[in-house]
Amino acid sequence: VIDDVERGIASGSVAEFAAHFPSQVSITLRGGEGGTYSSSQAYYLLDQFFRLRRFTGCRLSTVGESGGVPFATGNATYTLKGARESAQVYLALVRSGDRWVISQINIY
Amino acid sequence: MRRLIVPGALIVLFGVLWGWERTALMRAEGEWDETSAAIRTDAERLGAGEFQRRQSHLYVRLEALASRPVIREALCGTPDGRAAAFAELTGGAEEGIGLELRGPDGGVVAWSGMGGPTPGLLVRSALEGAATSSVVKSPNGTQLVVAAAVPSDAGLGGALVGRILLSPAYQLRNSFLRSAGLAEEVSARAGTRIVYQFDDPTHDEGIALTGIDGALIGYVVASPPDRGATVESIREEFSTRRAVVLAAVLLGAGAWLVLTARRRLSRPAATATVVAVLIGLRAALLALGVPSDVTQSGVFDSALYASAFGGGVARSIGEFLITSVVAFAVLLLIGRLTPENLPEAVRRQPYPLRLAEAGLLGLFVMWGLRGVAAVVRSAVYDSVLGVSEPGPIMPSLPLAALIAALLITVLCFVMVALRTLEAMRQLAAVEGSGGEGAVIALALLAGAALFFDARPNPLLPSGLRWGIVVVLSLMAWWKFWRGSSFTRHATRTLVSAALLVPLLAYHTDGRERRTVETLAAQVLRPVDAWLTVVVDEGLSRLSDPGRIASLRAWDETRRLSAAFDAWASSIASREGYAAAFTVVDTAGRELSRFSIGGMNAALRSVEFELGSAPDRLIIARDAGSGPGAVAVYAGVTPLIGDEGVIEGFGRVLIAAGRQSLFRGGNPSFLRTAGGRDRAPEVVISEFRDGRLEALTEPIFPIGHRLPDTVRAKLVADPASGVWWEEEVAAGRFETWYVTKPGGDGVAGLSVPTGGSADLLLALVRVLIVAGSLIVLAGAGFVASRLLAGGRIQVSFRDRLLAALVVSALVPLVFMTVYGQQYALDRLRESTERALKEETASLAERISAEPAFSRRGALPSDDVTPGWVETLATVTGTDFNVYRDSLLSYSSRPELFTLGVLDRRMPGDAFAAVMLEGGRFHMGMERIGTIEYAVGYRPILLDGDRVAGVVAVPTLFRQERIEAETARQNAVLFGIVAFVVLTMIGIASFFANRIAAPIRRLTEATAHVAAGNLDVTVAGAERPGRLAGDEVEMLVQSFDSMTRELKRGRADLIRAEREMAWREMARQVAHEIKNPLTPMKLSIQHLRQTYRDRAPDFDRIVEEVTRTVGEQIDALSRIASEFSRYARMPERKLARCTMNEVLGEAVRLFEREEGVHFETSLAPDLPDVLADREELRRAFINVIRNSVQAMEGRGTIDVETSFFEGRVAALLRDSGPGIPEDVMPKLFTPNFSTKTDGMGLGLAMVKRMLDDIGGTIAIASERGKGVTVTITLPPAQEEARA
């Protein structure tokens, strides 16, 4: 899951990791958008977020586990309106049946 | 050649776009320096323009104020004059503008809005009559200050000073603060970052900014743009342009195709073309991403709603609405083409096969219902908008659009379902018709519902399914809504609204529960990794080398603000967490600290644990106890200087999930910055041993017993939770009970539930949207009719009904508005009452403070003393204390430190309490998007000496009050809706009663006009019903007149008949004479040539025999025509459909070159009783007349309708019309304006219609055409047998 997210953010393609969304996912995005959304909304929200910015890289450098919740943090780089910027990425997973799904994804 | 114009133009258009893009890309890639310079220059111009525009706006505002007499009079300094000036400045205040009125001595006389430093030079210049401006630094950021002169008649002039914030001291975007600043706003538009520089007057870059007086006050400088990003941005921009242009071209092509198809193709082919165009356009727009990818805002914002339905058909509210409208249009068109009756071949199938088909159709209806439920579920679960969410009764635009899309979707289902159910009835009918078909079809439908019941699905509960089945069956088979097409659709829309609301309510309830369960999992989670990351990020901000260097700076201000600066740039600030950032030196002394969120005590208690650590350390602790306890995430990091030496330690503490401006304000759990999710207001409670120990809000009493059922279920399965609904004094609550981690008691998350009020709220909103859709559709219908040159016919009954409904609505609207205002007034009164009590209590306590009593006055400009914090904690109320007009103390000093709040007392409060001697004042203030009330009360010393003013802000449980107000409004509107619907029912009843005799009179008049004098009106009324009534007298007069007319007509007919026969005999003779003459001449000619032994006798014989033969044919034709008129074949009456017969006649002429038919056939017309062949001939006759009159070129409008109890066909041509002198003779036998006719056609049509109870009316308008209206009574039910 973490690899898929890393690859998806680096290429600006939410489709790479959309399959790991549960029915409700918590999202916080740079620019103010944030909250708990359905998987469908999450897909389109991230899709719009990636369309507005051209992501050029993502590295989830820290992978850990906290209180039974696996998480990963790292940085992503992108360009927005002619300026190169970087964002902090936070990803938390949760067990759903026999697989891990994304419970929270923050791109700050 | 002309055909090439459009394709050529398109090729040129796309060529230009392509060339434009290539040029832009080549310039960006090949001439980057010039491009970069141009982008910077444009950005700087934009920045300078925006600055000047704001400065001018401010100056114009000051000039306008300066001319007001009340401002000039205030310069005298009298309390009344000052109070009036305060009112003037406050009354017209714009958000974000601060105003000050300065007296002749430069002192402040009155003010409103934001304050800040004012350069003395500006005030002096203004007092001397010159307007100037400057840029100053204030605690809340950089301000533009403009000063203008206020001339005075008495020679004592003043100055008006205005200020606006150019850039805030912080770059925050969270729940409390949304200031972006001018530079950020312009940068977002300009495509590169710009900076305003006001500190360095010798700057040689950028564009200069000048003040009102023309003096240089700064520069705007743009950063060089990034080359790769610029190229990418150009590509994106042109990609969007191409998509928009292509979409516009496709829409234009679609419109052209539709118009052409309607003009040139038969009706079915044209309709099929329109359907294909609509579906094709929809698919094309989705593929192009227009408009969602172009706008991504408003109703096209996926953050509001986005569904996973295929192809993005519902990726936003706007797309969903477009899809539903297209689906509705397609279904409507297909429905018009499809006859209501099944084809004969289907009806002749074996009965068992028909039953099987009907059963399958039943399953199809149920499957469709499930699809609708899935759409509604998606609208609830995939959306942040709630139909029953507390708020204004009138839905916002996005919510209204979502409801409209849902309504149209349900309406589509209702339309298809009704047709399908009718088909089921026909299939199930034993003998092809009759009520038994409906009964058997209902049984089959019930079977299909049971089939779905056997496979339960969360999309649609069984009860709802059965309810909807009953409603649809009633609609399909008990056609109570019979009426015009508009009435039918309006009724179906209202029924769709009634079906939609329970579906919405069902899924909304499910969604709320799911959200609370998710919240419970997050609230009870032992450690939150995200908050650990937030703390870690905050520590990184504190460890920034530049910030560490500032600790050594000689500038104390810079050192003290280090913590604030680190916080302002951290995630913690953007998320709006209650947090504390601290910098201490190696000895543990506090160098800089900033905290926000009112959790000081909790944060301090954990901070002591952190101490000093050689490496970064993050811990999580519970502060406090019970459910009010808050998890605090704390971290410490060494601050290492350039030489690798530890220079101090940075600490960051965050209270999990807490965002609260003031004590007593509701915490919004887990609600992130700018989030638009529907996080409900949750009260958390904690139970031990089955008894309530503590809770975040007192909705249950301490010791409240955990319901036995809940306890038993949790004991049986500790891993799962239990939902439980309880009615307590605070209202009705739904609680999600879960066993706490480690089995340590039970936690409950309670949300208020509106119950039936929520359902009512949803119903009212859906009805508002349904009503709006009906009105819009009606307006569209009227507009299209008027544009087409047609007339709108509104019956007397409908006009009367409309008048009665409007009469009922007007007072109800006033009542409703008053009711809402009353509710708001009550809310304001209750808030004011609470604030009066709190300020009175605080004012008394403050005046009794020992320090206060000892010194006799409030100490000034002190840091927040301990007694303020203690008093705020004890009373549970945050407060501020002002002396004169400036802040002295605050229990929330960070709000002032931050510059969120102004240290100066608001002008309206100062005027009310200090100038006018008021003992209490309540004003409204705003932070970001949060509006709150503040109560002000003077603190009195020695009886009546005002020593200060205490101010208490309150969010007054905004969400709870809004929810309650919304529910009250829903009940109010629900009652109003009920009253309105009842009034419509009563009005309809009385309108029918009053209009019935008028309608019968109208119908009778039409009959009489059409020649039927057997009609009577009085017979339809009960004896004596209208005794003495004007209407009865009218009815009696009418009947009497009809009888007289009938008698006169009989005499006339007799005379006419005789005259007609005479005329006919004369005509017959005349007609016969016509051929006889050439015959006679030919015979004479033949005889003469025979006598003369003419050499060409053979040729002449041939010629004469041909002429005689032709004349004999003419005689024969004349004889046939007269014979047909005199003796019609035996008539075979049968039920037939007007639309079908008329359609057959129209199709005969559709191939006529130059003649175009515009058909509008009303669906579901009742059958008529007529000889099908005869009726067809009648229509052919009328259409042929029109075609001939138009000389083969023009349009014939063909319409059918069911009007005033008769089936009507209207044929309107665009010919030259009929001369007035010809009109009376149209139905006279043997009259014709044509050279090749006998003039019997219309006479025969009229005679046939007269015989079967029909009418024909002809209206003509010279130069515009002729309208022929044929009406027939509907076939009676018994005629079917």
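Computed from a prediction, not measured in an experiment: that's the story for all the values here. In what follows, chains are A, B, ... by sequence order, proteins preceding strands, each numbered from 1. Both backbone and side-chain heavy atoms feed into the values below; hydrogens, waters and symmetry mates do not.
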Which residue out of D536(B), D293(B), D382(B) racks up the most heavy-atom pairs below 4.5 Å with chain A?
D382(B)

Roughly how far, to the nearest 0.5 Å, is CG of L45(A) from CG of D301(B)?
7.0 Å

Highest number of heavy-atom pairs under 4.5 Å with chain B among A42(A), S38(A), S23(A) belongs to S38(A)

Turns out that what part of Q41(A) lies under 4.5 Å from chain B's heavy atoms comes down to both

Look up atom CD in E236(B) and atom CG in L52(A), then write down how far apart they are to the nearest 0.5 Å.
8.5 Å

Just by modelled atom types, is the S307(B) backbone N or O under 3.5 Å from a matching donor or acceptor in the S40(A) side chain?
no

Drop me the distance from S383(B)'s OG to Y37(A)'s OH, to the nearest 0.5 angstrom.
10.5 Å

Roughly how far, to the nearest 0.5 Å, is OH of Y44(A) from OH of Y305(B)?
9.5 Å

Rounded to the nearest 0.5 Å, how far apart are CZ of R54(A) and CZ of R235(B)?
9.0 Å

When rounded to the nearest 0.5 Å, the distance separating CD of E537(B) from OH of Y90(A) is 14.0 Å

Apply side-chain contact (heavy atoms from CB on, under 4.5 Å) to residues E517(B) and Q24(A) and explain how you reach the verdict.
CA-CA 11 Å; E517(B) 288 165 19; Q24(A) 298 276 308; over 6 Å; no

Mind checking side chain to side chain contact (heavy atoms under 4.5 Å, CB included) for R7(A) and listing every partner two or more places apart, or none if nothing turns up?
D3(A), D4(A), E16(A)

Let me know if R51(A) has heavy atoms under 4.5 Å from chain B in its side chain, its backbone, both or neither.
both

